Undergrad: 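To start, I am sharing the structure in question, which I have written as structure tokens.
Keep in mind the model is a prediction, meaning the values are calculated, not measured.
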Amino acid sequence: MKKQVISLVGGVLLLFSAAFYLGGCETSADTTETNKSTYLTQKETQTIETVKSDKGDTLVASTTIKQEKFFPLQCQELDDVVQKELNSGKFTWKKPKVMLNPYGDAPLSAYILFNTDKAYQIRVTVKGKTAATNVSGVLSKTKKHRIPVIGLYAGTNNKVVLETLNAKGKTLKKKTVRIKTAKLDSRLKDAIRKETIKVKTVKKVKQKNGKIKKKVVYKKQKSVHSAYGLTIISGNSTKCPFAYDEDGNIRWYITHAAGSYGFFPLSNKRFMYQSYDSLTPTEEKAQTTEMMEMDFMGRAYQTYFVRNGIHHEVIEKTPGGNLLVLSSSINQHIEDVVVEIDRKTGREIKALDMQDVFDGTYVNKTDWAHLNTVSYDKEENAVLLSPRNLHAAVKVDWKTNKIKWIIAHPDMFKGTKQEGNVLTPKGDITWQFQPHSIYEIPYDLDNNPNTVHVMLFDNHWQTKRKVKFFDGLTKSNVLVYVVNEKKKTVRQVKVFPGVRSIITSNCAYNKKKNRMFSFGGYLYPLVKGRKGMVYEFDYKTGKKLNQYSTKEYFYRGYEMKIGWKDMAKPMTKRTNYIKGALQGPIAIENSDIPETVIADDKVSFVRKETLLYVNANDHMIDRIRFVGKNNTYRMDYRSAGKGMESKKNQRYSVAVPLSGMKPDTYEIVVRYDGTWYSTGKNVVRNN
């Protein structure tokens, strides 16, 4: 007998809710509050469900849905194979074993395995085409050697030099191991190119009549060693993040499917990687809900889930500490929330909604703020934010949510409640427009304890928030400001010019060699068909030292810092490799099961432990029901609106946690493109 349809009371509330909120809700249990800051306090249509590992698959089962393993678990199993080979004792200094790309996602990485009678430190060096492009690291003293190899060339029989070292670091023994690699992934063909820098000079030429004429000559600038040994390019249409050396040769890349924003370095010389494995729909483009902590061997240690998605930034609050993640309210707005996540548990500790920081003057569009960076000042317990669509850099007290100061054109906040927070400009300033990547430079560059230096990538573009005071300049810049927090003033001390990059992009300062890097990730117009441009400047003189172009658009560039000793260790056995929280199903009145079954090419499913991955085109599914014999649950995505027309053919998976449901056997029903369908699939929630 089919289950009773939703009650009359629930139907009345549905009509009321639909009038109030996009798509509405179904029952009185789903009624939403109207307070403007709703990210954590609003009574929503979903529960907040903690995601935990269930390696034994004891909670959820299904005979109709394909089952897969989480990538960190796959890596643990592959790591066991590596360690088993090392522990076999079969491999020696004279006859080592090479395991190329042991985890399947980093084709230019390898392990060299061998045992020695005595404990030695080992230096490993991947020979570059020049001495400056060698990639080298020193490992801890041991008898069992698991040597990580990073920096191989593609399609090459690479030379890798191993040296045993004494206590003073002197070489005792030395040998060369050959490692042959496959051709570069076709997606990376011509991905990076070193550009010739030409210097304009004026030459005096004596003519036949004896007069001297000045002639403009462009000479090739002598090459300068880069401050970075390897540089990473990641995100946007660069789907395989890669690292290149100063000659412009690719020496590392990763093939695991990346989200739009790709790669974020961590203090432990690993990185946080936005996976494309599951996303959540929003009022505009979908955002990934998964990120993995990985190393350059391609090992994934754990996955964090963020229920309302992750976009432009994942950064450590302090080295090794909690994570600050940019997310979305999905309350008619996107890309407007900063979330602090407990590093150990994945639990959301705090969420800062930009509507609690600014007044409503500019809250007139879905993507009204568009946060693209956040960083933390421990001494002041404050965050520095980059709300791109407000043309500003904003420092906010993390405890009180109050603005400390704003760097912006004085007219930007004139007449708003934030007008008094805008720093007073001193001297001539080229103001930023729709900037990206705003950070304090963490060094005292002027011996003044009352000042801080702030750097940003000034895209100098204004399509998202047009203002009357736009200066019309057509170049993008890296800008450096000096903020006197005591006097509430701001000066501009550096402008590093570049070609126009209208979105994405970042900058980075290298103290050791006093260099400034400009990573222009989205050129408009293109430069000789190239979509991205990287510059390296001498910070003091502003002289351009190196230049590289990219075939594809990218999100950011970084220095590659390799954790040699970390990668030489076997992975620690973990049972908690899954952390964080997702929107979970909520109990509703029992409902019926439609007779029509939807085709598998429209909706498909994969199960990973207690998570169900539902795959379909963007916004085609607005509700999912789990109809059991005694219980019914529902996922409701209508608060995400209708999405973007340009994304309607984007196909991705949404992760649904099932561990919070009561034990029962559930048929899966979906509302696809406005019609309810059975899927012919079921899941069992065990006792």
Undergrad: Would the number of heavy atoms belonging to other residues, nucleotides or ligands and lying under 6.0 Å from NZ of Lys488 be above 12?
TA: yes
Undergrad: Would the number of heavy atoms belonging to other residues, nucleotides or ligands and lying under 6.0 Å from NZ of Lys365 be above 12?
TA: yes
Undergrad: Is it the case that the side chain of Asp336 and the backbone of Met354 share a donor-acceptor pair, with hydrogens and angles ignored and the cut-off at 3.5 Å?
TA: no
Undergrad: Return yes if a side-chain donor-acceptor contact under 3.5 Å exists between Ser278 and Glu290, otherwise no.
TA: yes
Undergrad: Hey, does Val374 have a side-chain heavy atom less than 4.5 Å from the side chain of Ile315?
TA: yes
Undergrad: Looking at Glu316, Lys344, Glu340, Arg347, which hits side-chain hydrogen bond (donor to acceptor under 3.5 Å, both in side chains) with Asn322?
TA: Glu340
Undergrad: Looking at Tyr555 versus His312, is the centre-to-centre ring distance below 6.0 Å?
TA: yes
Undergrad: Nearest 0.5 angstrom please: Gln434 CD to Lys464 NZ, how far?
TA: 7.5 Å
Undergrad: How long is the gap from CZ on Phe71 to NZ on Lys608, to the nearest 0.5 Å?
TA: 10.0 Å
Undergrad: Would Asn268 and Glu293 count as a side chain to side chain donor-acceptor pair (under 3.5 Å) if you check the C-alpha gap in whole Å, the side-chain angles of each, and the deciding distance to 0.1 Å?
TA: CA-CA 10 Å; Asn268 60 6; Glu293 183 175 348; 3.0 Å; yes
Undergrad: Between the side chain of Ser329 and the main-chain N/O of His333, is any donor-acceptor distance below 3.5 Å?
TA: yes
Undergrad: How far does OH of Tyr613 sit from CG of Asp277, to the nearest 0.5 angstrom?
TA: 6.0 Å
Undergrad: Do Asn448 side-chain atoms and Asn450 backbone N/O form a donor-acceptor pair below 3.5 Å?
TA: yes
Undergrad: Inspect the surroundings of NZ in Lys573 and state if more than 12 heavy atoms from other residues, nucleotides or ligands are less than 6.0 Å away.
TA: yes
Undergrad: Might you point out which heavy atoms bring Ala227 and Arg515 nearest each other, and give the distance in Å?
TA: N-NH1, 3.4 Å
Undergrad: Relative to each other, are the rings of Tyr228 and Phe517 parallel, tilted or perpendicular (30° and 60° limits)?
TA: parallel
Undergrad: Determine whether the aromatic ring centres of residues Phe519 and Phe457 are separated by less than 6.0 angstrom.
TA: no
Undergrad: Test your reading of the model: is there a side-chain donor-acceptor pair from Thr47 to the backbone of Glu49, 3.5 Å cut-off?
TA: no
Undergrad: For this output row, return yes or no: ring centroids of Phe470 and His460 closer than 6.0 angstrom.
TA: yes
Undergrad: Any donor and acceptor pair, going by atom type alone, linking the side chain of Gln418 with main-chain N or O of Phe358 inside 3.5 Å?
TA: no
Undergrad: Taking atom CG as the centre, does Asn364 end up with more than 12 heavy-atom neighbours from other residues, nucleotides or ligands that are less than 6.0 angstrom away?
TA: yes
Undergrad: Can you tell me if Asp353 uses its side chain to pair, donor with acceptor, with the backbone of Gln355 under 3.5 Å?
TA: yes
Undergrad: When you compare the side chains of Asn401 and Lys350, does any donor N or O come within less than 3.5 Å of an acceptor on the partner?
TA: yes
Undergrad: Does CZ belonging to Arg343 count more than 12 external heavy atoms closer than 6.0 Å?
TA: yes
Undergrad: Count the heavy atoms belonging to other residues, nucleotides or ligands that lie under 6.0 Å from NZ of Lys402, then report whether that count exceeds 12.
TA: no
Undergrad: Give a yes or no on whether the ring-centroid distance for Phe271 and Phe296 is below 6.0 angstrom.
TA: yes
Undergrad: Can you tell me how far the NZ atom of Lys285 sits from the OG1 atom of Thr282, to the nearest 0.5 Å?
TA: 9.0 Å
Undergrad: Could you pull out the closest heavy-atom pair between Phe554 and Gly532, with the gap in Å?
TA: CE2-CA, 3.9 Å
Undergrad: Check Ile562 against Lys269 and note the closest heavy-atom contact, atom names and distance.
TA: O-CD, 3.5 Å
Undergrad: Between Glu485 and Lys395 (salt bridge meaning N to carboxylate O under 4.0 Å), is one present in this structure?
TA: yes
Undergrad: Is the cationic atom of Lys579 (NZ for Lys, CZ for Arg) positioned less than 6.0 Å from the six-membered ring centroid of Phe305 and within 45 degrees of its normal?
TA: no
Undergrad: Supply the atom-to-atom distance Ile438 CD1 to Leu385 CG, rounded to the nearest 0.5 angstrom.
TA: 8.5 Å
Undergrad: Could you state the interatomic distance from CG (Asp359) to CG (Asp356), rounded to the nearest 0.5 Å?
TA: 12.5 Å
Undergrad: Ignoring hydrogens and angles, tell me if any N or O in the side chain of Tyr273 forms a donor-acceptor pair with the backbone of His256 under 3.5 Å.
TA: yes
Undergrad: Looking at every heavy atom in both Phe413 and Glu419, which two are closest together, and how far apart are they?
TA: O-CB, 3.3 Å
Undergrad: Check for me whether Arg270 meets the cation-pi criterion with Tyr301, that is, NZ or CZ under 6.0 Å from the six-membered ring centre and within 45 degrees of the ring axis.
TA: yes
Undergrad: For the pair Ser328 (side chain) and Ile334 (backbone), establish whether a donor and an acceptor sit closer than 3.5 Å, ignoring hydrogens and angles.
TA: no
Undergrad: Is the side chain of Lys494 donor-acceptor paired with the backbone N or O of Tyr539 at a distance under 3.5 Å, no angle test?
TA: yes
Undergrad: Distance-only, no hydrogens or angles: does the Asp444 side chain make a donor-acceptor pair with backbone N or O of Asp446 under 3.5 Å?
TA: yes
Undergrad: Do Phe433 and His391 have ring centres separated by under 6.0 Å?
TA: yes
